[in-house]
Every structure is written in structure tokens, then in C-alpha cells.
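The structure appears below as C-alpha cells.
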2 protein chains.
Amino acid sequence: MEGMSRWSPNARGRLEQAAYELFLDQGYEQTTVADIAKRAGLTERTFFRHYADKREVLFGGSAALRDELLRVLEGLPPALPTIEAVRVAVEAMSSLMNGRRAVARERHRVVAAHADLQERELIKRATLTAALAQALHRRGVPEPTASLAADMGMAVFYVGFGHWLDDPADRELVEIVHEGFDQLKAVASGT
Amino acid sequence: MEGMSRWSPNARGRLEQAAYELFLDQGYEQTTVADIAKRAGLTERTFFRHYADKREVLFGGSAALRDELLRVLEGLPPALPTIEAVRVAVEAMSSLMNGRRAVARERHRVVAAHADLQERELIKRATLTAALAQALHRRGVPEPTASLAADMGMAVFYVGFGHWLDDPADRELVEIVHEGFDQLKAVASGT
DNA sequence: CTCGTGATGGCAGTTACTGACATGAGGATA
DNA sequence: TATCCTCATGTCAGTAACTGCCATCACGAG
């Protein structure tokens, strides 16, 4: 039952590793799924058993973000104003990126260069946003407030993320996101 | 120079029309590009000369939205607070949907049923958001305020759009969006 | 020892999409 | 009128993403 892998272990991880290496080395478009599978010591058919499509191999980490976002939100006192709850949860999610800016930059370079991958990134964001909106709804926040608050929270996160990648200083993402919420309030209040 | 079409006129329009008919009749996945071209009296190769890919045929209208959004924004007095400028422009864009709810619903049904199409819709939204942010920047709004304001404006639009489609009453989208901006301000101020 | 399970390989097929070249209608020009 | 030129379209071959189906084979359970 806990017997782990019967073949070479961690096939999925090997595929992801091989994909990253090839994408960075020779580009995303120039890399075929057969190439990736070969480097991982597997076949193309097996790749598609682990990842729904070629793009998905770059988005394995998105589940962790969602889990942290929802986990933290669940533990927050119900009395907390919506925007503050969103802020705490999004900041917790942001802290998962601590110390990973170099990796994030490399990955972002690949994604930014291909419309295909940007589309996938956007749907991951939308999924995250929807999950947040639904969680807020469970907290008792009515629609469309829940959706708007979720959208605002994710906007602060992603806008901050973009600036974090470019930031010449070494500030952590959490810090940038924290300030982002202050700016959000300022903008919305008409300053 | 103004000689118009030398072959059967409006090839692009015929392709779009054929695509809509087939998508609604037999589904998006079940329709091949060859099917669409055949119904339009053209070949598959010609389809790809008019549309970059199969999905794009469903997104011909997005350019009009962007044009209206930017056109209205350009004409606004510079003194107007950012959020109010965004509000006016987004409401103008929303009014383009006046009386088109039935069509919008049909199209939305197709798009909602296929992850591929949702991805494309999201990147159109992102493009629109980026264009708005850039236009705000030209108005003198600094970053990241411009990006945040653009994101908020588009969030209000799309959240409102979703509710408009479901709304049992016959309110126009502009009206819903207008109220959305009020709610946005309320949420952001911590109510 | 046998049998079942589950991850993998092998393979054929479909379809989206691309590059290269051919065709032919109509307008411009001599 | 005759000739050329442009450009939307047709034709065709090719690539690569993805899928369905069946075979294989290591390992654990009995």
C-alpha cells in the first residue's frame, strides 16, 4: 500500500526536471514532448499520463499556492473584514516564494515568451481567484463582494509578483504585496 | 484601391458565421477546421489565413471593446481621479453590449464548456487590462497604481458581465457595472 | 506459485497548424 | 486590346500534439 514506485522512482519529477532543462537550453517550441520523455528515460505516451498536455509540466506548483491560500483563510477569525482576511491569506501565499526569486525569474522568462504558456498561467490565476471567491463566500461574504474581493487580492498578488521579479532591490515578495494592499485602498478611495 | 473583394465577398465573415453555426449545432470539439472552411465554401488553409487558430474565430469582437475603452479614456479630463476615469471608460465599453444579451449567452455557453476557449478569453481580458493600464500610465498615473486600477476596473466589468448573463431581470450591463464600482469602493474601504 | 494490479511501452490514428508553390481573377498600364 | 502584377485562394506535403487500444512486465497478495 505504501510500496512506493515499482519502476525507476519519481517519473513525474524526472519529466518535470527534463522539461525545465530542455526549455531553458533550447527553448519551449523547439522541445518536443518526445524529447522530454527521452531525457527522462520514458516515452511520449507516459508523459501524457502524468501531464494533461505539454504546457502543464510548467505549472506543477500552482496547487501548493492554492492549498496555502485556503488553509490560512480557513483559520482566520470570522469578524475580520473581508479585505483584511484576503490580505493575510494572500500574504501567506506570497511567503511561499521566499528565496525563490532566481527560479521564478527563469520560469517567468520561458512563460513570458510564449502566448500558449501565458494563457495557461492566466487560467491558473483564474482558478485560484475562483477558489478564493468561493472560500470567502463560505465565510459569509455575499456576491458580488466575494468575487470582487478575490479579484482585488489576486490583482495585488500578481502585480506585486511582476514587480518582485524586476525589483533591483532584494525585497521579499511578501513585503511588496503588503504595500500593494495599502496602495489598493488608496486607489479605491479615490486618491 | 477600394476595389473590395475579388472573390466571393466577406470570406472572413462567412468563416465566422459557419463556425458559430457548427459550434452551436454539433459542439466545438466535434467541429474540425476543415468542416468550417467547407461550409464557408473555402479551404482549411484559407481559414488559417484569416484566423491564427481555431479558437480565434470566436474572439473577433474583442478589438471593438478595446477601441471603445481607449477612445473614451483619451477624451476624459486629466483632473479626473483615476478610479473615476476607469469607471467612465469601462461603463462606455459595457454599453457596447446593450441588447446583445442573447447572443452573449450563446457564445458564453460555448466558451464556458471548453478550457481551451476559457484560456483564450482570459488572455483577451489580460490584453485589455494591459492596454488600460498603459493608457492610464499615459495619463500620468504612476505604477503600480495604474496596473491596480486597471485590474480593478476589468474585475468590475467581468464580474458584472457574469451576473448580467445570469440576471433574471433585464437590467443592462452598464447599470450592473455602475453599481459594481460602488461596491468596489465599499469593499476596499473595509466595509 | 499464481494471479491481479498498475505503470509503462508500442503503435496507429486524428487534427491543428505551417511552409512552399501553383492558380487565376481583376485592376492597372501601355 | 494585350500584357503584367497583385493577392486571395487552392493544393499538397509535413510536423507535432494528443488519444485509444492493447501488450508487457515488475511486484505484492494470496
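Quick note on labels: first sequence line is chain A, next is B, and so on, each numbered from 1.
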Separation of C/dG6 atom P from A/Leu42 atom CG, nearest Å, is 19 Å

Nucleotide D/dA16, atom P - distance to CZ of A/Arg45 in whole Å = 19 Å

Take the protein atom CD of B/Glu44 and the nucleotide atom C1' of D/dC12, then report the distance between them rounded to whole Å.
-> 12 Å

Are the side chain of A/Glu16 and the backbone N or O of A/Val57 linked by a donor-acceptor pair below 3.5 Å?
-> no

Where the side chain of A/Arg139 meets the backbone of A/Leu76, is there a donor-acceptor pair that is under 3.5 Å apart?
-> yes

Specify the closest pair of heavy atoms between B/Gly153 and B/Phe181, including all atoms of both residues, with the distance to one decimal.
-> CA-CZ, 4.0 Å

Gap between atoms CZ and C1', on A/Phe48 and D/dG20 respectively (whole Å) = 14 Å

Using atom CZ of B/Arg55 as one end and atom P of C/dT15 as the other, report the distance to the nearest whole Å.
-> 17 Å

For D/dA8, does either OP1 or OP2 sit under 4.0 Å from a side-chain N or O belonging to B/His50?
-> no

Identify, residue by residue, the members of residues 22-41 of chain B with a heavy atom below 4.0 Å from DNA chain D, and return them in order of residue number, or none.
-> B/Gly41

Please report, rounded to the nearest Å, how far the P atom of D/dA17 is from the CG atom of A/Leu58.
-> 13 Å

Residue B/Arg171 excluded, over 12 heavy atoms near CZ under 6.0 Å = yes

Among the nucleotides D/dG10, D/dC18, C/dT8, whichever has the atom closest to the side chain of A/Lys54 is D/dC18

B/Asp116 vs B/Lys54, salt bridge (Lys or Arg N to Asp or Glu O under 4.0 Å): CA-CA, chis, key distance, verdict | CA-CA 10 Å; B/Asp116 277 9; B/Lys54 183 183 172 184; over 6 Å; no

Phosphate OP1/OP2 of C/dT8 contacted by A/Thr43 side-chain N/O (<4.0 Å) | no

Less than 4.5 Å apart, any side-chain heavy atom of A/Leu184 and any of B/Met152?
-> yes

So which heavy atom on B/Arg14 is nearest to which on B/Ala40, and how close?
-> NH2-O, 2.8 Å

With a 3.5 Å cut-off and just heavy-atom distances, do the side chain of A/Arg49 and the base of C/dG6 make a donor-acceptor pair?
-> no

Between A/Phe47 (CZ) and D/dT19 (C1'), how many Å, whole number?
-> 15 Å

